[in-house]
Each structure stands twice: as C-alpha cells, then as structure tokens.
Amino acid sequence: MPAVERTDDESTIQRVLARAAECLRAGRIVAFPTETVYGLGASALDAAAVRRVFAAKGRPATNPLIVHVAGVDEARRVVADWPAVAQSLAERFWPGPLTLVLPRGPAVVDEVTAGGTTVAVRSPAHPVAQALLRACGLPLAAPSANRSTEVSPTTAQHVLQSLGDRVDMVIDGGPCPGGIESTVVDITCDPPRLLRPGLVTVTMLEAVVGRVRVVDKPTAGPARSPGMMERHYAPRTPLELAGTDRVVELLRQQQRVAWVTHTGVDIAGTEVRRLPSDAAGYAARLYAALHDLDATGVAAIVVEPPPAGDDWLAVRDRLQRAARG
Ligand code: TXA
Ligand code: MG
C-alpha cells in the first residue's frame, strides 16, 4: 500500500508537499484532497504520467481529464484562448468547484484531452490542493481518485480502498467538504452548455453569464463530455430511488435494506442513514454514506427521491446515475 501522508500541522504539511511535488515532477501519481472529492494527480505536461492515471483507474482513454491549476494565470498557460466569459466566471467562482471547457493550448499532452480540441480547467479551493499546485509548479491532470465507474472518494481511506497500490502517494486532508464533483460548463459555445451539474448551480452561473443551456442527455454525434456515460458513480450494492412502500416490500422479502432519507422518516428494521435536508449538506455526505453502506453488506439501498429544483440538480444527477449502475 502507498504511504498515506497526514497534513496535521504546518511542518508536516511542508514536508509532505515537498515529497509530493518531487513525485509529480518525476512522473508519478499522487492522490490529493480537493473541496469536491479526492483527485488522482499527474503532470498534465507528461504523457507517460497521464497514461499511468488512466491505467490506475481503468479509465477509457477516450474520456478526457480536468486540468487543475493554481489560478487564472496558470489556466491561461493551458488554453488557446481566455475569453471574457472565462474571466468573469473565474473571478466569481475560482478557486472553487467550477470546471471550464475551453479551446486547448499546445502545452497539455493529447492524453489529457483524449485527443480533442478542448481542455477542461479548474482552480480548486482546498488549501492542500492549492499548496500542492504551488509547490510543484505544474498543471495537474486529476480525475477523481477511484476506479472508473465507482463512487468518487471523499476521504483518503476511500482512495486506498479503491486504488490501493495503484497510486504512488496519498495526501490525507480529511473529508472533502463539498462531497460531489465540480460543475463542468463548456464555454466554447454561446450560450455556454452545462455538461455536469455540481455545487455551482445553473442559477449561480446564469447570474454571471446570462443564459446556460442544460442538456439532459448526450445527443447523437461525438459526446461533448464523454465522462457523462450512463454507468457512473455507482455503489456496488444495487441502489434505487423509491419511497417507503418499496422498502416495506423488500423487508417482506427478508432482504437487508438500507434506507437513505433527507426528511427524517425512519423505517424500523432498515439500516437508516439520515442526510441533511439542504442540497449542499446532503451532497457533502452522500458519497460517504454510499461507501459506508457498501461496507455493511445490505442487499439493496433505497434512497428517498430528492426534491425538485435547481439547487438539487447535481444530487439528482448523481443518484440517477447510481440507480442506473
Ligand atoms: O470535482 C472534480 O471535478 C473532481 C476533482 C478531483 O477536481 N474531478 C473529477 O474528474 O470529477 P473526473 O475525471 O472524474 O471527471 C471529469 C469530467 C468528466 O465527465 C469528463 O468527461 C469531463 O469532465 N471533461 C474533461 N475534459 C473535458 C473536455 N475537454 N470536454 C468536455 N468534458 C470534459
Ligand atoms: Mg470521476
């Protein structure tokens, strides 16, 4: 197993970051915390290192990676063009859980963009991620630090459970506060297109850019965001979105059932997980609950359908994908 490096105090952090930066410059892969989920980082300028990330995850080479940068100056080095809309969004939401898809620059290797003409960039807000980016001085290609199609990791332990020896080093920064992946928005088109909902909501984006197109399903032709394949973010245990009647039915069949509720409805005889009733609080705890329920060995996870509305869009998206898994 790789060393899991804690970040408890200032002198430890400095030592760990120096080692991680050295690893990354040498073409190795390092898992690190962000404010959304843990990322599996490699130099976005090093084709062999990026290929190691794809191999560790078992990720199809056709699915491009997000490049993590310290800020706007560093983002401009990996894109071909930095339009006004990028500047406005970055000023409002960076560092933070918003990924911008832009025309790619020549610096990033083909492996990162899956040979495409665009590159996804984001500046993460987590202090450890920021410090790592500054310590290594590299743009870091970093998908979520889990095997392809699994639930993303929100703790260092989740990373180890999923990737184990496939990663060279894990920096433990504690649980990720956001809990689900960043919002991805394509700004190579007008109006911009939402490719993946996240904690930066459509309402928040529209306050800055006017209108945003929300595409439900990838249309025919080349996928705009190949990562939005249907089977994704799924726990090992079958998950369904349903109400208490379904739980009662499963209990009658003598099944061990987990019940995930945001309204606090208890059902006797189930493994209950009560999640917060606000979207951000719910998102922060969702993946940890799914990882945890996988470990309990229940036969089914029934999740109470989340509310309608823009602030719950990202949670609904992840749950629908998990249910299809
Ligand atoms: O919060 C996050 O975004 C986390 C943390 C680690 O930053 N990262 C993450 O990466 O979720 P990943 O690889 O699991 O998801 C990246 C998503 C995928 O859906 C991918 O297809 C899409 O971004 N993407 C990457 N580059 C793209 C591009 N050039 N055009 C369109 N979509 C792109
Ligand atoms: Mg992922």
Side-chain angles (χ1 to χ4, degrees), residues 29-42 44 50 53-54 56-69 78-80 93-105 108-126 128-130 132-133 139-154 158-159 162-163 171 173 176-189 192-200 215 218 222-234 283 287 314 317-318 321-322 325:
I29 59 179
V30 175
F32 62 96
T34 82
E35 76 279 26
T36 59
V37 300
Y38 274 72
L40 179 58
V50 175
V53 167
F54 279 93
K57 283 181 62 78
R59 178 173 175 120
T62 49
N63 187 3
L65 307 182
I66 296 172
V67 176
H68 294 66
V69 292
V78 298
V79 300
F93 298 111
W94 279 9
L98 177 66
T99 297
L100 304 176
V101 172
L102 284 157
R104 71 178 281 195
V108 288
V109 296
D110 282 345
E111 282 76 0
V112 168
T113 63
T117 57
T118 58
V119 63
V121 282
R122 100 170 177 99
S123 173
H126 196 292
V128 173
Q130 273 290 327
L132 179 64
L133 287 162
L140 295 180
S144 52
N146 54 282
R147 301 240 193 154
S148 197
T149 76
E150 286 181 359
V151 175
S152 294
T154 59
H158 296 158
V159 176
S162 184
L163 293 175
I171 306 176
C176 301
I180 59 172
E181 305 79 359
S182 63
T183 305
V184 180
V185 61
D186 181 356
I187 53 174
T188 64
C189 44
R193 292 223 297 190
L194 183 75
L195 298 180
R196 179 173 73 183
L199 294 174
V200 173
V215 257
R224 294 295 296 211
S225 194
M228 299 317 283
M229 54 183 112
E230 296 232 324
R231 188 189 141 72
H232 215 97
Y233 312 107
Y287 287 171
D317 169 75
R318 301 310 189 277
R321 287 168 197 288

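Note that ligands are numbered from 1 as they come in the structure, with each ligand's atoms numbered from 1 the same way.
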Exercise. Which of the atoms of ligand 1 are close to Arg59, meaning less than 4.0 Å from one of its heavy atoms?
Worked result: 12 (P), 13 (O), 14 (O)
For this session: Enumerate the atoms of ligand 1 whose separation from the nearest heavy atom of Ala120 is less than 4.0 angstrom.
Result: 25 (C), 26 (N), 27 (C), 29 (N)
Seminar exercise, completed: Note: Ala61 and Ala114 closest approach over all heavy atoms is O-CB, 3.4 Å
Problem set entry | Contacting atoms of ligand 1, where contact means under 4.0 angstrom from a heavy atom of Val101 | 30 (N), 31 (C)
For this session: Please step through side-chain contact (heavy atoms from CB on, under 4.5 Å) for the pair Val79 and Val119, ending with a clear verdict.
Result: CA-CA 7 Å; Val79 300; Val119 63; 3.9 Å; yes
Exercise. After noting the C-alpha distance and the side-chain angles of Val185 and Val101, does the key distance pass the side-chain contact (heavy atoms from CB on, under 4.5 Å) rule?
Worked result: CA-CA 6 Å; Val185 61; Val101 172; over 6 Å; no
Exercise. Can you check whether His68 has an N/O within less than 3.5 Å of an N/O in ligand 1?
Worked result: yes
Exercise. Going by heavy atoms, is Arg122 under 4.0 Å from ligand 1?
Worked result: yes
Exercise. Any N or O of Arg196 that comes nearer than 3.5 Å to an N or O of ligand 1?
Worked result: yes
Problem set entry | Element-labelled atoms of ligand 1 that are located less than 4.0 Å from some non-hydrogen atom of Pro143 | 10 (O), 12 (P), 13 (O)
Exercise. Would you say the side-chain atoms of Ser182 and Arg196 include a donor-acceptor pair closer than 3.5 Å?
Worked result: yes
Seminar exercise, completed: Judged by heavy atoms only, the candidate from Thr36, Asn63, Val37 nearest atom 21 (O) of ligand 1 is Asn63
Problem set entry | Sidechain-backbone polar pair: Ser123 side chain, Pro95 backbone, donor-acceptor under 3.5 Å | no
Exercise. So is there a nitrogen or oxygen of Thr99 less than 3.5 Å from a nitrogen or oxygen in ligand 1?
Worked result: no
For this session: Pull out every atom of ligand 1 sitting under 4.0 Å from any heavy atom of Leu65, numbered as shown with elements.
Result: 25 (C), 26 (N)
For this session: State, without any angle test, whether Glu181 and Ser144 hold a side-chain donor-acceptor pair at a distance under 3.5 Å.
Result: no
Problem set entry | Backbone N/O of Gly173 and side chain of Tyr38: donor-acceptor pair under 3.5 Å | yes
Exercise. Just by distance, do the side chain of Glu35 and the backbone of Ala125 share a donor-acceptor pair under 3.5 Å?
Worked result: yes
Exercise. Mind checking whether the Mg ion (ligand 2) has an N, O or S of Ser144 under 2.8 Å?
Worked result: yes
Exercise. What part of Leu195, side chain from CB on, backbone N/CA/C/O, both or neither, has a heavy atom under 4.0 Å from ligand 1?
Worked result: side chain
Problem set entry | side-chain contact (heavy atoms from CB on, under 4.5 Å), paired with Arg104, selected from Val67, Asp110, Val112, Val78 | Asp110
Seminar exercise, completed: A student comparing Ala142, Gly39, Ser182 should find that the heavy atom closest to atom 8 (N) of ligand 1 comes from Ala142
Exercise. For residues Arg122 and Thr34, is any side-chain donor paired with an opposing acceptor at under 3.5 Å?
Worked result: yes
For this session: Check each atom of ligand 1 against the heavy atoms of Ser144 and keep those under 4.0 Å away; list them by number with element.
Result: 8 (N), 9 (C), 10 (O), 12 (P), 14 (O)
Problem set entry | For ligand 1, the portion of His126 having any non-hydrogen atom under 4.0 Å away | neither
